[in-house]
Number of protein chains: 2
Amino acid sequence: MFSKACTYGIRGALYIASRSKAGEFTGVKEVASKLDIPQAFTSKILQTLVKSDIVTSVRGPNGGFKLNDEVSKTVLDVVLAIDGTDYFVGCALGLTECSSENPCPLHTEFVNIRSSLRNRLAAMSLSEARELLEEQHFRISG
Amino acid sequence: MFSKACTYGIRGALYIASRSKAGEFTGVKEVASKLDIPQAFTSKILQTLVKSDIVTSVRGPNGGFKLNDEVSKTVLDVVLAIDGTDYFVGCALGLTECSSENPCPLHTEFVNIRSSLRNRLAAMSLSEARELLEEQHFRISG
DNA sequence: ATAATAAAGGACAAATTAGTCCGGAATTAT
DNA sequence: ATAATTCCGGACTAATTTGTCCTTTATTAT
Ligand code: FES
Ligand code: FES
């Protein structure tokens, strides 16, 4: 479905969101150990999220990552930042063109699945996730 | 979404289905060239479909592959034969457990998407696809 | 029987993805 | 200033997926 880097990225973003209440920063070490993701790889992925303006980073002691609250980014933004539009664009059977004028036998199915998932990912903002993760019994580690 | 091998497999199966009207066999050369898939790779993938009883093969002159009509296999069977249950099983965010008792924040979304796709793939049988491909203007090549 | 044809299967090569290592740059505390 | 901390970024390695090549085996036609 998504690349491993992407699922790590989603979980990382959710974890950081859940910890960036005030101006608290979370270090890559903590993210990696809490979510059980290789630390150096986590670092690479968080760098991508910084470049995509999803999280903000500061270096040095007490530094780390925090959610970029300026704009409200969504889980979809994380997916697009890491995996690009791969999942959502083009024929899922690899045909050169994907359109309702020239569809593959599963075109309608794929269009529905994709837009459905896209909508739901876009509906889950990271700032909202912060509360959800506390109020509900959701899990992003283990 | 699916591996490349899997999309090749689906298209290959559909092409063979569309050509196995009587007892006609389709060679790997034809499948590969018509669908623009590397021939040796096509061969590998069709071998998998043979092992999974989705198509039948015979060697020698006029040999090739034909749909195994004994049982009515579906596109889902092709997916399961090549990619296994990867797409449908386990947490899409890589958590060790996937259940409604211990869900990740996107669990409900993923469950819906997956079952929806699974149902639609299971509903598309390869023998039916034969007619669909002729009657409708579907495309499995290019 | 022999030769031609076509799938089966194993070993290998290329490409992509996943993951590591380490030196450098920024920030903070002493 | 210095040292400690923490992210950045490039180069590297490992694993997986994708794809090739070539030999063997089964089948058919002559
Ligand atoms: S043509 Fe295949 S998904 Fe649109
Ligand atoms: S727990 Fe993540 S998809 Fe079910």
B/L49 has an atom CG; how far is it from atom P of C/dG9, in whole Å?
14 Å
Are any of B/S57's side-chain N or O atoms less than 4.0 Å away from OP1 or OP2 of C/dA8?
yes
Could you tell me if A/S125 and A/T74 have a donor-acceptor pair between their side chains, going purely by distance under 3.5 Å?
no
Heavy atoms, side chains only, cut-off 4.5 Å: are B/L132 and B/M124 in contact?
yes
Write down the distance between CD1 (B/I54) and P (C/dA7), rounded to a whole number of angstrom.
18 Å
Rounded to the nearest Å, what distance is computed from the CZ atom of residue A/F41 to the C1' atom of nucleotide D/dA15?
12 Å
Just wondering, are more than 12 heavy atoms of other shown residues or ligands nearer than 6.0 Å to CG in B/D36?
no
How close or far is atom C1' of C/dG10 from atom CD of B/Q47, stated in whole angstroms?
10 Å
What's the CD1-P distance between A/I37 and C/dT20, to the nearest Å?
12 Å
May I ask you to evaluate whether A/K4 reaches the phosphate of C/dG19, defined as a side-chain N or O under 4.0 Å from OP1 or OP2?
yes
When you measure from the side-chain N and O atoms of A/Y8 to the phosphate of C/dG19, is any distance below 4.0 Å, counting only OP1 and OP2?
yes
Touch class at under 4.0 angstrom, heavy-atom based, for A/F25 against every strand present:
nothing
Partners meeting ring pair (Phe, Tyr, Trp, His ring centres under 6.0 Å) with A/F41 (sequence neighbours left out):
A/Y8
Only pairs at least two apart or in different chains count here, so list each ring pair (Phe, Tyr, Trp, His ring centres under 6.0 Å) that has a residue in residues 74-102 of chain A.
A/F2-A/Y87
A/Q39 CD - D/dC7 C1' separation (whole Å)
11 Å
Per-nucleotide protein contact string for nucleotides 22-30 of chain D (B base, S sugar-phosphate only, - none; heavy atom under 4.0 Å):
---BBBBS-
Side chains of B/N102 and B/S99: is there a donor and an acceptor less than 3.5 Å apart?
no
With nearest nucleotide decided by heavy atoms, which residue, A/G63 or B/D86, maps closer to the 5′ end of DNA chain D?
A/G63
Is it the case that the base of D/dG10 and the side chain of A/K44 share a donor-acceptor contact (distance under 3.5 Å, atom types as modelled)?
yes
Taking any heavy-atom pair under 4.0 Å as a contact, classify B/K29: base, sugar-phosphate, or nothing.
nothing
Sub-4.5 Å side-chain heavy-atom contact between B/V50 and B/T56
no
Both A/D83 and B/V28 contact DNA chain C. Taking the nearest nucleotide for each, which residue is further toward the 5' end?
B/V28
Rounding to a whole Å, what distance do you find between A/I82:CD1 and C/dT17:P?
14 Å
If I take atom CD1 in residue B/I45 and atom C1' in nucleotide D/dT17, what distance separates them, rounded to the nearest angstrom?
11 Å
